[in-house]
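One-based numbering, in listed order, for ligands and for the atoms of each. Because only heavy atoms are used, hydrogens play no part in the values below, and waters and symmetry mates are left out as well, while side chains stay in. Here, residue 1 is the first one in the sequence, and each next residue gets the next number.
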Amino acid sequence: MSDGNAILKGTRRTFLQLSAAATAAMAFRVVTEADLAAEDRNVYHPGAIVIDANENPLGPCDAARKAIVDMAPQGGRYSYWLKEEFVKTFTQMEGIKPEYLRVFPGSSEPLHFTVLAYTSPTRSYVTADPGYEAGMRAAKITGARVVKTPLTKTYSHDVKAMAAAAPDAGIFYVCTPNNPTGTMTPHSDIEQLLAIKPKGSIVLVDEAYIHFSDGVSAIDLVKADQDVIVLRTFSKIYGMAGIRCGMAIGRPDLLAKLETYSGWSAMPITAVAAATASLKHEHLVSDRKQSNAATRQKTFDWLASQGYAYVPSQSNCFMLDAKRPAKEVIDAMAARNVYIGRPWPIWPTHVRITVGLPQEMEAFQVAFQAVMKGSTTTGFVPSLNRRRLYSDGQSWPSV
Ligand code: PLP
């Protein structure tokens, strides 16, 4: 073999090793709402109103905060039983067997792993449009065809169109309430999808926002041993996005496929302790559902009174039609220190708004009115201080 050939072979081997490493790295790049929200923005300025990532400004409830603090001194120990206690608490509440539940640090992980496990170049990923993008990003890794089906006129997933568009489906992703619209897909439609879907495919029901709504969970379909995996998270109504706890609920044989990708399943003990305390809280969900709905309704009333168009939502986010290019509005709002959410290509004049605290939504209204009326004064001087400082007064070092 000539030196040149040897070098060429060595280079090719290195390249193959590198590309295998790159593929492996990509496979473990779990895209989250935080990543998607941050893609177009730089840094918040002092006093920023941050309503761009469907976060919960209330944070963890008091019992969850106490659980975190109480757990800190025990942080040197793995304390596996805390996860078992969490599993016991949730499965008893829902009437499912413990083997039907897997706990993760958030629901982005099981969403990502489910897509890796159930899609491929011959098994497509079917989703609504507009719909939450994280699963589509994961489908790029497996080389799956991504089939986007527009929402119906009432903004639910068009389950018949989804099934018709993909006889090769690996996953039908149904997010209800949907991110970004906050609109529901009825339980009966999910049942219908299960009845007409191709053999071997699964329905992945993402219930990240279900507690804000009057929707009926699909967990009963898991109990009935259907081809369904349900995702839940503590990032939304429970206010634990930064603490990280989520889960996948499904038939054990369906969940077993995720294990190839999910590695070691240890959980931070602070996260499971806080999640267990939150589950045991008697009125956290009802109180927060009610306060979110009240602030959302007040915002809708104001928008309607001013003649602005929005999509009615049952969640902590909604789509607002600015009737002009979304990016323009997002930038103009940011110049007023109000950070609103991204647009979706299918609806280029809509922006996604997260329902924040009442005072945050009042600040949003003032800024939005000024932007829409074309006021040139921003009323805000950007600071050079590159720290993130949220409207609730807490500041965090920029990372
Ligand atoms: N699913 C949907 C629809 C979401 O909007 C989000 C986050 O915003 C997630 C899943 C993942 O959230 P987390 O990883 O924080 O549990």
Side-chain angles (χ1 to χ4, degrees), residues 28-39 50-60 64 86 90 101-115 125 127-139 148 151 155-157 171-185 190 203-213 215 217-218 229-249 258 261-262 267-268 271-272 274-275 278-279 292 313-319 339-342 344 352-356:
F28 289 99
R29 169 84 171 84
V30 178
V31 175
T32 66
E33 171 63 43
D35 299 321
L36 294 161
E39 268 171 10
V50 180
I51 48 173
D52 66 357
N54 291 356
E55 295 160 326
N56 188 337
L58 297 175
F86 168 78
F90 184 80
L101 178 66
R102 291 280 194 290
V103 191
F104 296 89
S107 65
S108 298
E109 280 81 358
L111 169 54
H112 186 87
F113 302 142
T114 307
V115 177
Y125 177 79
T127 183
D129 199 11
Y132 183 51
E133 310 95 318
M136 303 183 220
R137 299 279 181 99
K148 296 194 210 173
L151 295 172
Y155 306 103
S156 68
H157 287 53
I171 291 182
F172 293 96
Y173 174 71
V174 177
C175 185
T176 181
N178 189 36
N179 180 3
T181 53
T183 50
M184 307 300 299
T185 296
I190 296 171
V203 178
L204 180 60
V205 184
D206 191 333
E207 296 186 345
Y209 301 92
I210 191 130
H211 304 99
F212 290 112
S213 76
S217 170
I229 294 180
V230 173
L231 300 177
R232 286 279 184 92
T233 180
F234 284 81
S235 295
K236 304 303 168 184
I237 208 156
Y238 295 106
M240 287 179 32
I243 309 290
R244 310 301 300 144
C245 188
M247 52 196 151
I249 306 143
L258 276 57
Y261 306 96
S262 63
M267 282 288 296
V272 282
S278 301
L279 285 178
N292 175 71
S313 151
Q314 283 208 32
S315 187
N316 71 336
C317 66
F318 64 92
M319 288 298 257
Y339 291 81
I340 59 169
R342 59 191 179 274
W344 267 251
R352 191 192 65 187
I353 310 295
T354 300
V355 178

- prompt: Any side-chain donor-acceptor pair under 3.5 Å between Y173 and D206?
  reply: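 Yes.
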
query: Under 3.5 Å, is there a donor-acceptor pair linking the side chains of T354 and E55?
result: no

message: Below 30° counts as parallel, above 60° as perpendicular, anything between as tilted: where do the rings of Y238 and H211 land?
response: perpendicular

query: What pairs with F86 under ring pair (Phe, Tyr, Trp, His ring centres under 6.0 Å), at least two apart in sequence or on another chain?
result: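 With sequence neighbours excluded, F86 shows a ring pair (Phe, Tyr, Trp, His ring centres under 6.0 Å) to F234, given in chain and number order.
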
Residue list, ring pair (Phe, Tyr, Trp, His ring centres under 6.0 Å) with Y155, at least two apart or on another chain: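 If we apply the ring pair (Phe, Tyr, Trp, His ring centres under 6.0 Å) test to Y155, skipping adjacent residues, the hits are W347.
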
query: Heavy atoms under 4.0 Å from ligand 1: which residues qualify?
result: E33, G106, S107, S108, Y132, Y173, C175, N179, D206, A208, Y209, T233, S235, K236, R244

task: Kindly write out the residues that satisfy side-chain hydrogen bond (donor to acceptor under 3.5 Å, both in side chains) with E133, not counting sequence neighbours, or none if the list is empty.
output: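 So E133 forms a side-chain hydrogen bond (donor to acceptor under 3.5 Å, both in side chains) with R342.
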
